[in-house]
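Reading through the structure tokens given below for one structure.
Atoms considered below: every heavy atom in the structure, side chains included; atoms not considered: hydrogens, waters and symmetry mates. Just so we're on the same page: letters track the sequence lines, and every chain starts at 1.
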Amino acid sequence: MDNAFGQPQNVIVLGGSSDIARAITRKLCAARAHTVVLAGRSQQLLDTAAAEAQEYGATKTDTVIFEATHTTNAGHIVSECFDKVGDRVDLVVVAIGLLANQFEIENDADKVNEMVMVNFAWPVVALAEIRRRLVEQGSGRILVISSVASVRVRRSMYLYAGAKAGLDRLCIGLADSLEGTGVSLQLLRPGVVRSRMTEGQSPVPFTTGVNEVAENVMRGFASGERVIWSPPLLRFVFAVLRHLPAPLYRKITADR
Amino acid sequence: MSTKFTGWGRTSASYATLCEPDSETQIVNEFAIEDDLIPRGLGRSYGDAAQVSGGVVMSNLALRSMGPIDDDGVVTLGAGISIDELLTISIPQGWFVPVTPGTRQVTIGGAVAADVHGKNHHVDGSFGAHVLSMRLVTPRGAWDISPTQDAELFWATTGAMGLTGMITSVTLRLLPIETDQVLVDTERFNTLDGVMASMREGDGAYQYSVAWVDCMTRGAHMGRSILTRATHARTQDVKEATLRAPQASKIVVPFDAPSGLLNPLTVRAFNELWFRSSPKFQQGESQSLTTFFHPLDGVRDWNRLYGKKGFVQYQFCVPDEEHETVVSCIDRLSSSGVASFLAVLKRFGPSNPGLLSFPMPGWTLALDLPVGPSSLPGVLDDLDELVLDAGGRIYLAKDARLAPEKARRMYPRVDDFLAIKERVDPQHQLTSDLARRLHLVGK
Ligand SMILES: Cc1cc2nc3c(=O)[nH]c(=O)nc-3n(C[C@H](O)[C@H](O)[C@H](O)COP(=O)(O)OP(=O)(O)OC[C@H]3O[C@@H](n4cnc5c(N)ncnc54)[C@H](O)[C@@H]3O)c2cc1C
């Protein structure tokens, strides 16, 4: 069960080997999480993440391998994760994402397909099953990792940001659909985070480390706010940015 | 069809089906068809004891029978009768409840289930000590239990937070009173050591004793306190001996205050004001029962002052010789900067045989803390360690955040409890969010 501070005990992380997911898992385990099921692509990375979870306090960990390139397996993978927890699930983190160099892939239909599948379609189908399971249980929390990039999609990453935007907006409606069920969904919109995914990108204002993001998530769990911004200041930055005229926005985001 | 439930602290909301049985048969039927069930009274426990997400919450509020009070003060009450309702009819007849928590808005069922204590624990023990018998409906049938009839189940149920079944009625011995007043002695202390020494030496002479401690002042005046102690006023002690029923509160908090209203700054200011406005030393002041026992009942829904995020109450007890732990906890809190209103410090007398009952002889400290500061969860986890090291425990009726392995160590008789529960609830149908969170019943 969640406690008064929104600290869960039984946790599933889809995309469990990503740097942000690992930072969140560490914080969760240091608090109250004792059962953690991590799902992802690489057994090796998952094993490392699972070992880390144990080091931070988890008593039971398990892993599930999947590819997010075809939605047909999504429901099944979610079921497998729930079964491996073998108890009530308090939190499901959806941390699936794929970033690529926009300019290299935008003319490649297969690559475009992959971007949309991994960043949008697969998570959506998985969420349907997560939602069904948690509603049946009558409690639980979902954290979907979106991105501030989805708030206003820009030229240099419109495939990634656009797919995330789809997921982000869909989740707002999904969250509404959960009112009165005992289940809740929260969105995390991090700014640029130093991680494997962003290695090599040019530095951007409001860049943070993964631990700071995880800290903001913990606060968000305690307060229950629907959208968790990290750093929190970005809420206000984007309140302005999203309304800038297009030419100006293009200019300030050029080549980023 | 799903109803939202929280405890008084308004954290960890959960949804469940609500049913309000008014007969034993109805309760038996619920047990026959439903899986996860928990009784609920007026929801004055602070955390998640009286809720079970995705299950069935069985309100006791329709169990409203109320027998006459006999010449010895013995009365049989439906579990859903509140202490407020009882006092309304009993005070005019010259009877008071043998034990009352800080609010009248608790049911008799809830009072037994939490084995509540009052300001008189050091002399009179907790609620369970005054229960002559009760009726308990379990998945395996209904039982009349008392300290002499199936004492095992009686003491497994007293303090068990509803996890053995639904109490439907309770036979209780009330306390005779001559007036609706108490005579109060008040004393102000600049240090924690001062107040603790005075309580240790002097509490025995009073039926009621409680100290309010300022947990936000650091340095030399850390833990400055106001000690109030009282005894019931006899007819000859007061100008006019009345026996009036308590009045309903007139002040209501109509909506949630903004989160953050109660912050270190405002709370410190409040504590300062309160400390200065109390007399340094005063003897024999007569106060109404309500003013002395239930000051918070004057404002309805005051929990909304803590805003949407809600608050937690941290209450622990430690053995008598571990008074240093009380000092360390207050020190840790006052230096952590988390806002806390006055804490309540009390001495406990001997415990009763209740397997999950909270009180143990020694000290207990309780304080309210708004959810918000990100340091708070960690600070409280640290306090848990101090309490555990001292051989103490946390009160389940207040808890909303303890870790399961610590709960087990604080309540070492959980396994004995489970063995008895097994007899009346073999499928573990009775469970709650609290029991799940603390791994109390294996489900
Ligand atoms: C302002 C305030 C001051 C307080 N002061 C004190 C104090 O000084 N001392 C103290 O000990 N406590 C104190 N409390 C806590 C309170 O007394 C207990 O939590 C009490 O159990 C609340 O009773 P309730 O009817 O509201 O029960 P609920 O909060 O609804 O339920 C509490 C527990 O009792 C169980 N329960 C309820 N009815 C039944 C039943 N019929 N059969 C079986 N189980 C049942 C529930 O399952 C749950 O586990 C205080 C609370 C508040 C809000």
Test side chain to side chain contact (heavy atoms under 4.5 Å, CB included) applied to A:F5 and B:V312, step by step = CA-CA 9 Å; A:F5 303 123; B:V312 292; 4.1 Å; yes

query = Does some side-chain heavy atom of B:H439 sit less than 4.5 Å from a side-chain heavy atom of A:H34?
reply = yes

query = Do other residues, nucleotides or ligands put more than 12 heavy atoms under 6.0 Å from B:R409 CZ?
reply = no

key: Region of B:L380 in contact with chain A, defined by heavy-atom distances below 4.5 Å   = side chain

inquiry  = With rounding to the nearest 0.5 angstrom, report the CD to CZ distance, A:Q9 to B:R437.
reply    = 7.5 Å

inquiry  = Within a 6.0 Å radius of atom CZ on A:F238, are there more than 12 heavy atoms belonging to other residues, nucleotides or ligands?
reply    = yes

task = Identify which part of B:D381 has an atom lying under 4.5 Å from any heavy atom of chain A, answering side chain, backbone, both or neither.
result = side chain

task = Check the surroundings of atom CG in B:L265: do more than 12 heavy atoms from other residues, nucleotides or ligands lie under 6.0 Å from it?
result = no

query = Counting only N and O atoms by type, is there a donor-acceptor contact under 3.5 Å from the side chain of B:S12 to the main-chain atoms of A:N3?
reply = yes

message = Counting only non-hydrogen atoms closer than 4.5 Å, does B:A403 touch chain A with its backbone (N, CA, C, O), its side chain (CB onward), both, or neither?
response = both

task = First locate atom OG of A:S139, then atom CD of B:Q51, and finally report the distance between them rounded to the nearest 0.5 Å.
result = 10.0 Å

Side chains of A:R88 and B:S53 in contact at under 4.5 Å (non-hydrogen atoms) = yes

ask   = Measuring heavy-atom distances to chain A, does B:K4 have an atom under 4.5 Å in its side chain, in its backbone, in both, or in neither?
value = neither

ask   = Side chain, backbone, both or neither: which part of A:S184 has a heavy atom under 4.5 Å from chain B?
value = neither

query = Non-hydrogen atoms of chain B under 4.5 Å away: do they reach the side chain of A:E215, the backbone, both or neither?
reply = side chain

query = Atom CZ in B:R401, atom CG in A:D2: separation rounded to 0.5 Å?
reply = 14.5 Å

query = Can you say whether B:S374 sits under 4.5 Å from chain A via the side chain, the backbone, both, or neither, judging by heavy atoms?
reply = side chain

Spatial distance of atom OH (B:Y15) from atom CD (A:Q137) [nearest 0.5 Å] = 15.0 Å

